[in-house]
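Chain naming here is simple, since letters A, B, ... match the order of the sequence lines and numbering starts at 1 in each.
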Amino acid sequence: MPTRIDPRGPRFAAALTSVVLAAALVTGSAWLLAVQGVVFAAGALLGLPRAPYGLLYARLVRPRLGPPGELEDAAPPRFAQAVGLVFAVVGVIAFAAGLTVVAYVAVAAALAAAFLNAAFGFCLGCEIYLAYRRLFPSQPNTTEVAS
Amino acid sequence: MRVRCPGVTGLVVVVIVLAAATAFGLWRRARDGRVVEARVDEPLLGPDELGAPLGERATLVQFSTAFCQPCRAARATLAHVAADTDGVVHVEIDAEHHLELVRRLDIMRTPTTLVLDGSGRIVRRATGAPRLADVRAALPA
């Protein structure tokens with residue numbers, strides 16, 4: 001039985017992520033992007049409920065809501081955090097190297113994914129997983145379908 | 001090229017990204033899970049490819065991955081139809097461990113559901129979690 005989480009947690013995290021990434025684009029701040037990168041890393045390594053925005057959700061938002069109608073698997077949004085981390089790292093490196101256009105493109109892609117999750121519950125990082133695997137097959141039998 | 005006024009440039013990028021993402025999200029929501037007629041040149045599938053026997057009337061073949069949010073909803077819908085319809089079975093395939101089949105069937109994302117008739121011919125296809133009524137309506141007679 002895989003870990004199940006309140007699906008509103010990742011939606012809340014995606015909304016906060018969208019705000020932070022939009023602010024990073026407007027200010028052109030590599031530091032702000034780096035902070036979001038650390039948040040992505042925490043989500044990918046510890047799981048979303050134990051990452052900063054997940055803790056905020058549990059403290060501030062969850063007590064004001066009713067219990068969730070249904071739970072969802074923890075693995076897909078966690079995978080998406082790792083995808084977000086890749087874009088944040090590319091963005092920070094590009095900002096540092098003075099490749100402003102590359103940085104904007106990386107942050108814009110991450111913002112699009114975060115916003116799609118916040119507004120539509122659509123996990124772009126999860127959607128590209130099979131396309132990615134078609135290009136780079138995994139070792140046999142390392143993962144199983146969550147059931 | 002130097003960006004003269006980063007605030008304005010960033011703001012324009014944000015507005016464009018949010019508008020494009022909203023358009024894409026609405027478009028995707030409108031077509032996600034729709035059950036459509038299969039192409040005429042789709043291959044036949046049998047127990048060898050599926051790893052399970054075909055249903056007498058229909059087989060609902062679901063391709064899933066470990067990192068797939070809507071796969072659970074698709075699984076519930078398809079299992080429900082298989083359970084309450086005679087001769088219909090639900091087969092779930094882990095896409096990333098059957099990449100050859102995935103490429104042959106041109107499956108790009110999960111969940112993708114194929115509706116096979118009794119002979120193993122692919123008659124319909126749905127990308128995204130399909131709705132219960134649509135799956136029932138898509139079953140071959």
Part of [range] lying next to chain A, heavy-atom separation under 4.5 Å:
range	result
residues 15-37 of chain B	B:Val17, B:Leu18, B:Ala21, B:Thr22, B:Phe24, B:Gly25, B:Leu26, B:Arg28, B:Arg29
residues 45-52 of chain B	none
residues 103-128 of chain B	B:Arg103, B:Asp106, B:Ile107, B:Met108, B:Arg109, B:Thr110

same_hphob_cluster([X], [Y]) at 4.5 Å side-chain heavy-atom cutoff:
X	Y	result
B:Val13	A:Leu111	yes
A:Leu135	A:Ile128	no
B:Leu60	B:Phe63	no
A:Ile5	A:Phe12	no
A:Leu32	A:Val39	yes

By residue number, those in residues 76-87 of chain A with heavy atoms under 4.5 Å from heavy atoms of chain B are A:Pro76, A:Phe79

For the residue pair A:Arg133 and B:Leu99, what are the closest heavy atoms and their distance?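 Where A:Arg133 meets B:Leu99 most closely, the heavy atoms are O-CD1, 3.4 Å.
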
For A:Cys126 and B:Phe67 the tightest heavy-atom approach is CB-O, 3.3 Å

**Asked** How long is the gap from CG on A:Asp73 to CZ on B:Arg72, to the nearest 0.5 Å?
**Response**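 Reported value, rounded in 0.5 Å steps: 5.5 Å.
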
Distance col, row B:Glu96:CD vs A:Tyr132:OH, nearest 0.5 angstrom, shows 10.5 Å

* Is the CG atom of B:Asp86 crowded by more than 12 outside heavy atoms at less than 6.0 Å? -> no

Of the listed residues ([options]), which shares the most heavy-atom pairs with chain B below a 4.5 Å separation?
options	value
A:Gly125, A:Cys123, A:Ala24, A:Ala109	A:Cys123
A:Glu70, A:Glu72, A:Glu127, A:Arg134	A:Arg134
A:Leu21, A:Leu130, A:Leu124	A:Leu130

